[in-house]
There are 4 protein chains.
Amino acid sequence: MVASTVLPPTEHEDPRRAKSRSRALTAAVELLREEGLQGLTIEAVAVRSGVAKTTIYRQFENRDELHLAAISSVACHVPMADSGDLISDVTEFCIGLDHKLRNGDFGAVLPTGFDGAERSETLARMVHDTGLQRRAALLERLRSAERDGELIAGIDADLLNSQLVGPLFYRRFISRQPAGPEWVERLVAAVLTPLVRSSSAVPVRGGRPR
Amino acid sequence: MVASTVLPPTEHEDPRRAKSRSRALTAAVELLREEGLQGLTIEAVAVRSGVAKTTIYRQFENRDELHLAAISSVACHVPMADSGDLISDVTEFCIGLDHKLRNGDFGAVLPTGFDGAERSETLARMVHDTGLQRRAALLERLRSAERDGELIAGIDADLLNSQLVGPLFYRRFISRQPAGPEWVERLVAAVLTPLVRSSSAVPVRGGRPR
Amino acid sequence: MVASTVLPPTEHEDPRRAKSRSRALTAAVELLREEGLQGLTIEAVAVRSGVAKTTIYRQFENRDELHLAAISSVACHVPMADSGDLISDVTEFCIGLDHKLRNGDFGAVLPTGFDGAERSETLARMVHDTGLQRRAALLERLRSAERDGELIAGIDADLLNSQLVGPLFYRRFISRQPAGPEWVERLVAAVLTPLVRSSSAVPVRGGRPR
Amino acid sequence: MVASTVLPPTEHEDPRRAKSRSRALTAAVELLREEGLQGLTIEAVAVRSGVAKTTIYRQFENRDELHLAAISSVACHVPMADSGDLISDVTEFCIGLDHKLRNGDFGAVLPTGFDGAERSETLARMVHDTGLQRRAALLERLRSAERDGELIAGIDADLLNSQLVGPLFYRRFISRQPAGPEWVERLVAAVLTPLVRSSSAVPVRGGRPR
DNA sequence: GCCTAAACGAGACGGTACGTCGGGTCTTTTA
DNA sequence: TAAAAGACCCGACGTACCGTCTCGTTTAGGC
């Protein structure tokens, strides 16, 4: 997903290299998912992937680089619809995100990076970057709703982003509480309803207080 | 904070034991803060604390136990005032939490447990438990506001908890964005205002839709 | 035989250390004998001896140190009789040496050090030192014969040492020709007869010219 | 000196092949001289010679073959004069040999083969063969002296060879003692004088030089 | 105030993984 | 067509920690 570690982009890459790389990454992700960061061992990757240790080191400088690449390889796309109904679109989006956090490689691999991100700028950026697409999609949808008059004017999209996805991450990784579609639905409603222009028909007067 | 590993609570503990334990824990927390989980090495703890490796193992079964104990030793108390003004109380509370997440041992050590919590039930509980006091205090304050009529009736305290602290954790550990008192203030306002019973004006009738 | 690598001689050595050391050395010598220097691998020694790699490294800084210790551990004693008959004593001595060169660990392990001795002063000394006892014994016996009048006066003991043992080493390690007791006997006779004072028969007059 | 590894002798050899081969061999000898057998690395040879690893492997089956070829490439010729004066001819010859043992590539590279020769018949033969010319020359000169009556009849040329060159090799490679022209002179005198025909007698005047 | 049981430090041990170097095989690109 | 470049798998290197295990040596605390 994210740029591969320093490679002449135009130049032709040896297909053997590419294959080794992908096999190693696959094994790395599996190990991260199954055993966490401490299970991500170059030797384990070598055994599982059938790629020799030396070959792995030829592509990844050390365990941390491999870890990085593994994380960036699971960054995922959460689609955002634009049906005209903001709340339902965002709800669907958040349910999708929650599902990915709880079921896919993404949610399994992501927390292996939280600690390292405290000290490694690169890792921090990588962890952050996995959210870029999602964030952009959400912001775009909010702005579009603002333009359409569905939302009141003057929203703080960044705050809204934190309000919407923050609780999902929090419950998934920190408080480790369940979420589920209904819960997500309630969350989105709680966050957005106060900002939707006179919900029902006439958006006449009496905007909701901020 | 949390119960120490299996110790006859009534019985008198050898002061040497206690001292070794505390020196080891201190060193462990320092190492976690400075180098993260991978810096938490029994040998490093031994060197830094001056406590022999053997002695450490006498008190902590293995590295994970020590990690656990270190995390639980930094759990912190966030005070919650009850001035009658819910929003200002909660804002203050959230600012305090954000500060602890970003400045103290607590915020530094916590993320070392996120990955392990995925696989270790004990660690998961420990990470979760560090939030118990905070959660209880927040819930209590919300209920009190509900009782006082400051909040509308029928609030979902758990949802509100996630809405309030979720974004703080998210920005601190995942998106790694700044927060700051003003931002926290806006967050709390956004979350709570819609639920506050027609603030100033007589709380006549016409509760806000949930 | 030779001094062990830097050890407080008076102080009590951990018996575990001593045992590990000896097991490692035994395995090392076996490997050198069977496969030569390139077979002397720390890992092979670990496997064969049952001593862990780390433990080996605790006692020997690296492969070369172990090699050194192995060589010095096989230095052997060649006994020298003093029956009054120089030629028979020396012949017996040389036959014994030749036998050790061709049959024991000594002769098998020694050549593994020849190449290294070209560059390592320590190894050079070690190789050299394995001959010290032998050389001293031979020189002593020659001097004793000189004192007894069995040999003419003014012998060059060092030259004689080279003349006696040199050919044995040469045929064993360089030309790789057989020797055998009769051959050694002829060598000793050829070297010493010209220097023996008119053997049994009247030592009257006519000493051999030097 | 010795036949190169399997090469149709009549057939025309590709000049590129020959050049690669010779560059590799040169580098190999240099490495052996400078760092000994363990410095003889295919990769080091490739780097130093500018010949690719693949190309080296095309000409030498493996490291041992290259080592073999390197040794055989330094075999040297020691000239033997026949001035009529055996002792002086042999002395000169031995001084020349000693010089080659101590100064040229020959003496530097030879000991890298001693250990391997213990286990590899091919290498043993190679090491042995480096002495063939020398041995033949010496034997021929001795027989010529015998025929001329300079030596007593019935000499054991093989024994004499060992007596003459054995000490030189011994002091060079095993005891690592100095030799030098004077020492060699004394050695040759000690070995040959007793076998030279009645010094005094016939050759009237002109006593044998010391 | 002494003495014994415990806790302690020092450190050896068998292991696992690290990241590096070299071996020997192979494929791909260049001349 | 062969040499050069370099990827590949493999095995050994020497290092860092792991968790276990003697060892002697303090040192509390019950007598």
Side-chain angles (χ1 to χ4, degrees), chain A residues 12-21 38-47 50-63 65, chain B residues 12-21 38-47 50-65, chain C residues 12-21 38-47 49-65, chain D residues 14-17 19-20 38-47 50-64 66:
Chain A
H12 169 63
E13 183 182 20
D14 192 318
R16 290 172 295 175
R17 244 186 116 83
K19 190 175 171 197
S20 297
R21 181 181 183 85
Q38 77 170 354
L40 183 67
T41 270
I42 299 286
E43 307 219 321
V45 171
V47 167
V51 173
K53 210 166 57 141
T54 16
T55 302
I56 297 173
Y57 276 110
R58 220 171 276 120
Q59 307 222 29
F60 307 96
E61 215 167 87
N62 51 37
R63 203 191 67 138
E65 287 270 318
Chain B
H12 170 65
E13 185 182 22
D14 190 318
R16 290 171 294 176
R17 246 186 113 82
K19 190 175 171 197
S20 297
R21 182 180 182 84
Q38 79 171 350
L40 183 66
T41 269
I42 298 287
E43 307 218 323
V45 170
V47 167
V51 173
K53 217 166 65 147
T54 347
T55 304
I56 297 172
Y57 275 109
R58 234 171 256 128
Q59 307 222 29
F60 306 96
E61 214 167 88
N62 51 37
R63 203 189 70 138
D64 289 350
E65 288 272 318
Chain C
H12 168 65
E13 184 184 20
D14 192 320
R16 289 171 295 176
R17 247 187 113 82
K19 191 176 171 195
S20 298
R21 182 180 182 85
Q38 76 169 355
L40 184 66
T41 269
I42 298 285
E43 306 219 321
V45 171
V47 168
S49 66
V51 172
K53 209 167 60 142
T54 19
T55 302
I56 297 173
Y57 276 109
R58 227 169 265 124
Q59 306 223 29
F60 307 95
E61 217 167 83
N62 51 38
R63 203 191 69 139
D64 288 351
E65 286 270 318
Chain D
D14 189 317
R16 287 174 296 178
R17 244 186 115 82
K19 190 175 172 197
S20 296
Q38 77 171 353
L40 183 67
T41 270
I42 299 285
E43 306 215 323
V45 170
V47 167
V51 173
K53 221 166 65 148
T54 346
T55 307
I56 297 172
Y57 274 108
R58 219 170 275 122
Q59 307 224 27
F60 306 96
E61 212 166 273
N62 51 36
R63 203 190 70 138
D64 289 351
L66 173 58

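A note on names: the letters A, B, ... follow the listed sequences, proteins ahead of strands, and every chain is numbered from 1. Side chains are part of it too, since the values below use all heavy atoms of this structure and drop only hydrogens, waters and symmetry mates.
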Considering residues at least two apart in sequence or located in another chain, which fulfil the side-chain hydrogen bond (donor to acceptor under 3.5 Å, both in side chains) criterion with C:Lys19?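 Expected list: none.
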
With sequence neighbours left out, what residues match D:Gln38 under side-chain hydrogen bond (donor to acceptor under 3.5 Å, both in side chains)?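 Result, side-chain hydrogen bond (donor to acceptor under 3.5 Å, both in side chains) vs D:Gln38: none returned.
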
Check nucleotides 12-18 of chain E for protein N or O atoms closer than 3.5 Å to its own N or O atoms and list the pairs.
residue	atom	partner	partner atom	Å
E:dC13	OP1	C:Arg16	O	2.7
E:dC13	OP1	C:Arg17	N	3.2
E:dC13	OP1	C:Ser20	OG	2.4
E:dG14	OP1	C:Arg23	NH2	3.4
E:dG14	OP2	C:Ala52	N	3.0
E:dG14	OP2	C:Thr55	OG1	2.8
E:dG15	N7	C:Thr54	OG1	2.9
E:dG15	O6	C:Thr54	OG1	2.9
E:dA17	O3'	A:Thr41	OG1	3.4
E:dC18	OP1	A:Ile42	N	2.5
E:dC18	OP2	A:Ile42	N	3.2
E:dC18	OP2	A:Glu43	N	2.8

According to side chain to side chain contact (heavy atoms under 4.5 Å, CB included), who are the partners of [X], at least two apart in sequence or on a separate chain?
X: B:Asn62; value: B:Asp64, B:Glu65
X: B:Arg58; value: B:Thr54, B:Thr55
X: C:Ala44; value: C:Leu31, C:Thr41

Without decimals, in angstroms, what is the distance between C:Asp64 CG and F:dA12 P?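 C:Asp64 atom CG is separated from F:dA12 atom P by 17 Å.
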
Taking CZ from D:Phe60 and P from E:dT25, how many angstroms apart are they, rounded to a whole number?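 My rounded result for the distance is 15 Å.
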
